[in-house]
Amino acid sequence: MIAYSANDHAHMAHALRLAERGLYTTQPNPRVGCVLALGDEVVGEGWHQRAGEPHAEVFALREAGERVRGATAYVTLEPCAHHGRTPPCADALIAAGVARVVIAAEDPFPQVAGRGIEKLRVAGIVVDTGLMREAARELNIGFFSRIERGRPWLRVKLAMSLDGRTALANGESKWITGEAARSDVQRWRARSSAILTGSGTVLADNPQLTVRLPQGESFTPPWRVVLDHQLRTPADCHVLNGAAPTLILHAAAAVPDLRFQQVECLPVVEQGGSLDLSAVLALLAERDCNEVHVEAGSTLCGALLAAGLVDELLIYVAPLLLGDSARPLLQLPSLGDMAERWQLHPVEQRQLGNDWRLRLRPLYS
């Protein structure tokens with residue numbers, strides 16, 4: 001087992017902070033940071049900013065210049081070894097004369113997957129892997145999910161009262177939570193590749209499903225994805241307004257008409273009279289979606305959870321009560337035994353104004 005020094009830990013933590021600067025802009029690429037150091041001195045740093053633009057290592061090498069020779073490179077993801085939209089970063093590190101490369105997480109992408117590490121070692125460079133691996137994987141949890149599982153990381157956002165209700169019996173839900181919680185939601189939208197909802201939510205609430213960050217903050221607009229089995233989406237709804245790329249997924253028997261001429265419509269196979277949710281996620285993975293953010297009603301959210309497809313729940317809890325006639329959080333199958341209960345692992349709890357945000361991950365049996 002490698003004994004990493006205090007400098008190693010400090011520089012990799014720095015590289016992870018750099019990588020996080022690309023949280024809203026790098027998709028479908030992973031968020032990557034790089035630090036070049038001589039001992040405790042940083043001589044160059046960089047992060048991947050946008051797909052198609054230079055990778056983190058290139059920015060760090062440019063900043064370091066000639067001081068890179070003999071330095072250690074701390075990279076949050078294995079350097080690429082293939083020609084994509086940019087040249088291989090492993091080659092750039094070799095040519096620059098670094099003596100050692102410390103990598104947080106190996107890259108599962110088939111064209112890299114250990115080849116970057118091998119190329120560096122063949123060139124005589126010391127390569128150490130695994131320092132802060134879990135933090136690096138967490139930062140790119142959707143990228144790893146898409147490559148390793150063939151589907152995006154699915155995050156369901158819900159807002160509820162203290163008694164577990166999401167709206168009044170008549171459907172009114174604006175606003176359960178306060179401004180701080182609603183602003184926080186925009187950041188989770190911004191880091192996602194797609195925002196997914198159902199046609200029922202479109203008909204009931206006519207949501208924009210766009211990202212609204214403070215002026216000057218950059219982000220890559222996520223897809224708006226609507227599951228619309230029978231193509232019920234009305235022509236005047238916001239998701240058809242061209243404000244963001246939109247994808248309508250429907251049953252093969254439903255034929256798009258002129259309402260949908262400005263957006264893309266694709267048929268999806270059915271299962272039990274509804275769209276096959278696993279097929280939906282596979283389709284989104286094929287379109288390079290890493291993280292999918294769901295904002296939908298209790299029926300679709302419950303179906304995703306019951307199908308074992310929800311990776312994370314983002315629940316905003318407001319300190320108010322709506323009563324037992326109000327609408328429930330999720331529609332789930334009835335349980336006959338407490339052993340069948342849905343168990344969740346708490347990841348994080350945070351107060352936002354007067355509300356709480358709970359981040360939970362289902363523990364599927």
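All residue numbers refer to positions in the sequence shown, counting from 1. Remember, it's a predicted structure, so these values are computed and weren't measured experimentally.
In terms of the side chain to side chain contact (heavy atoms under 4.5 Å, CB included) criterion, Ala282 has no residue partners (sequence neighbours excluded). Not counting sequence neighbours, Glu20 has no partner by the salt bridge (Lys or Arg N to Asp or Glu O under 4.0 Å) test. The ring pair (Phe, Tyr, Trp, His ring centres under 6.0 Å) search around His293 returns none, not counting sequence neighbours. Not a single side-chain hydrogen bond (donor to acceptor under 3.5 Å, both in side chains) links Asn7 to another residue, sequence neighbours left out. Residues forming a side-chain hydrogen bond (donor to acceptor under 3.5 Å, both in side chains) with Ser274 (at least two apart in sequence, or on another chain): none. For Arg350, the side chain to side chain contact (heavy atoms under 4.5 Å, CB included) test picks out Glu348, Leu352, Arg357, with sequence neighbours left out. Under the side-chain hydrogen bond (donor to acceptor under 3.5 Å, both in side chains) criterion, Thr246 pairs with Arg224, not counting sequence neighbours.
No single ILVMFWY cluster, assembled from side-chain heavy atoms under 4.5 Å apart, contains both Val226 and Val280. Cluster annotation: Phe144 is connected to Val75 through the hydrophobic network of ILVMFWY side chains, with a link wherever side-chain heavy atoms come within less than 4.5 Å. Criterion: ILVMFWY side-chain heavy atoms under 4.5 Å apart, direct or through other members. Under it, Leu358 and Val156 are part of a common hydrophobic cluster. Note: the hydrophobic cluster containing Met12 does not contain Val101 (ILVMFWY, side chain heavy atoms under 4.5 Å, direct or indirect links). Linking Ile, Leu, Val, Met, Phe, Trp and Tyr residues whenever their side-chain heavy atoms come within less than 4.5 Å places Val317 and Leu360 in a single cluster.
A salt bridge between Glu78 and Arg115 is absent, with no side-chain N of the basic residue lying under 4.0 Å from a carboxylate O of the acidic one. Using a 4.0 Å cut-off between a side-chain N of Lys or Arg and a carboxylate O of Asp or Glu, Glu45 and Arg17 do not qualify as a salt bridge.
In this structure, Glu66 places its CD atom where only 12 or fewer heavy-atom neighbours from other residues, nucleotides or ligands lie under 6.0 Å away. In the displayed structure, Glu270 atom CD is contacted under 6.0 Å by more than 12 heavy atoms of other residues, nucleotides or ligands. Sparse packing is recorded around CD of Gln271, with 12 or fewer heavy atoms of other residues, nucleotides or ligands lying under 6.0 Å away. Residue Glu217 places its CD atom among more than 12 non-hydrogen atoms of other residues, nucleotides or ligands, all under 6.0 Å distant.
Between Leu275 and Ala251, the shortest heavy-atom contact is CD2-N, 3.6 Å. Across every non-hydrogen atom of Ala96 and Leu61, the tightest pair is CB-CD2, 3.6 Å. The heavy-atom pair separating Ala296 from Gly198 by the smallest distance is CB-N, 4.2 Å. Contact record, Pro79 with Ile103: CD-CD1, 3.6 Å, taken as the closest heavy-atom pair. Shown here for Thr76 and Ala19, the closest heavy-atom pair between the two residues is OG1-CB, 4.1 Å.
Proximity of Arg182 to Trp175: side-chain heavy atoms (C-beta onward) are separated by under 4.5 Å at one or more points. Inter-residue side-chain proximity for Val239 and Thr197 is flagged as unmet; no heavy-atom pair is nearer than 4.5 Å. No side-chain heavy atom of Val102 sits under 4.5 Å from any side-chain heavy atom of His11. Pro333 places a side-chain heavy atom less than 4.5 Å from the side chain of Trp342. Contact of the Phe143 side chain with the Pro108 side chain is registered, since non-hydrogen atoms from C-beta on lie closer than 4.5 Å. Counting only heavy atoms from C-beta outward, the side chains of Arg187 and Leu23 never approach each other to under 4.5 Å. Inter-residue side-chain proximity for Gln208 and Asn241 is flagged as met; some heavy-atom pair is nearer than 4.5 Å. Put simply, the side chain of Ile141 reaches to within 4.5 Å of the side chain of Glu291, judged on heavy atoms.
Atom-to-atom distance recorded for Arg121:CZ and Ile94:CD1 is 12.5 Å, nearest 0.5 angstrom. To the nearest 0.5 Å, atoms CH2 (Trp223) and CG (Leu196) are separated by 13.0 Å. Note that CZ of Arg100 is 4.5 Å distant from CG of Asp128, once rounded to the nearest 0.5 Å. Gln27 contributes atom CD, which lies 10.0 Å from atom CZ of Arg50 (distance to the nearest 0.5 angstrom). Distance check: Gln349 CD to Ile315 CD1 gives 11.5 Å after rounding to the nearest 0.5 Å. Residue Asn206 holds its CG atom at 11.0 Å from OG1 of Thr201, rounded to the nearest 0.5 Å.
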Listing, residues 255-262 side-chain donor-acceptor contacts under 3.5 Å, not counting sequence neighbours, or none:
residue : atom : partner : partner atom : Å
Asp257  : OD1  : Arg259  : N            : 3.0
Asp257  : OD1  : Arg259  : NE           : 2.9
Asp257  : OD2  : Arg259  : NE           : 3.1
Asp257  : OD2  : Arg259  : NH2          : 3.0
Arg259  : NH1  : Leu231  : O            : 3.3
Arg259  : NH1  : Thr233  : O            : 2.7
Arg259  : NH2  : Leu231  : O            : 3.1

Residues 301-311, side-chain donor-acceptor partners within the protein, below 3.5 Å, at least two apart:
residue : atom : partner : partner atom : Å
Asp311  : OD1  : Arg149  : NH1          : 3.1
Asp311  : OD1  : Arg149  : NH2          : 3.2
Asp311  : OD1  : Arg151  : NH2          : 3.2
Asp311  : OD2  : Arg149  : NH2          : 2.9
Asp311  : OD2  : Arg151  : NH1          : 3.0
Asp311  : OD2  : Leu154  : N            : 2.8

Solution key, residues 160-171 side-chain donor-acceptor pairs under 3.5 Å, sequence neighbours excluded:
residue : atom : partner : partner atom : Å
Ser161  : OG   : Asp163  : OD1          : 2.3
Ser161  : OG   : Arg165  : N            : 3.1
Ser161  : OG   : Arg165  : O            : 3.4
Asp163  : OD1  : Leu322  : N            : 3.2
Asp163  : OD2  : Leu322  : N            : 3.2
Asp163  : OD2  : Gly323  : N            : 2.9
Arg165  : NH1  : Ala326  : O            : 2.7
Thr166  : OG1  : Pro328  : O            : 3.4
Asn170  : OD1  : Glu172  : N            : 2.9

**Asked** Are Gln186 and Phe219 close enough, and set up right, to give a side chain to side chain contact (heavy atoms under 4.5 Å, CB included), and what steps lead you there?
**Response** CA-CA 11 Å; Gln186 297 301 320; Phe219 63 92; over 6 Å; no
**Message:** Working note: Tyr74 + Leu18, criterion side chain to side chain contact (heavy atoms under 4.5 Å, CB included); need CA distance, chi angles, decisive distance, verdict.
**Reply:** CA-CA 11 Å; Tyr74 297 86; Leu18 290 169; over 6 Å; no
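Of the possible polar contacts, one joining the Thr25 side chain to the Gln49 backbone as a donor-acceptor pair under 3.5 Å is found. Side-chain atoms of Asp8 come within 3.5 Å of backbone N or O of Ser5 as a donor-acceptor pair.
Residue pairs meeting the ring pair (Phe, Tyr, Trp, His ring centres under 6.0 Å) criterion with at least one member in residues 23-51, sequence neighbours excluded: His48-His55.
In this structure, Tyr4 and His9 have perpendicular ring planes: the angle between them is above 60°, well past the 30° mark.
Counting side-chain heavy-atom gaps under 4.5 Å among Ile, Leu, Val, Met, Phe, Trp and Tyr, Val347 is found in no cluster with other residues.
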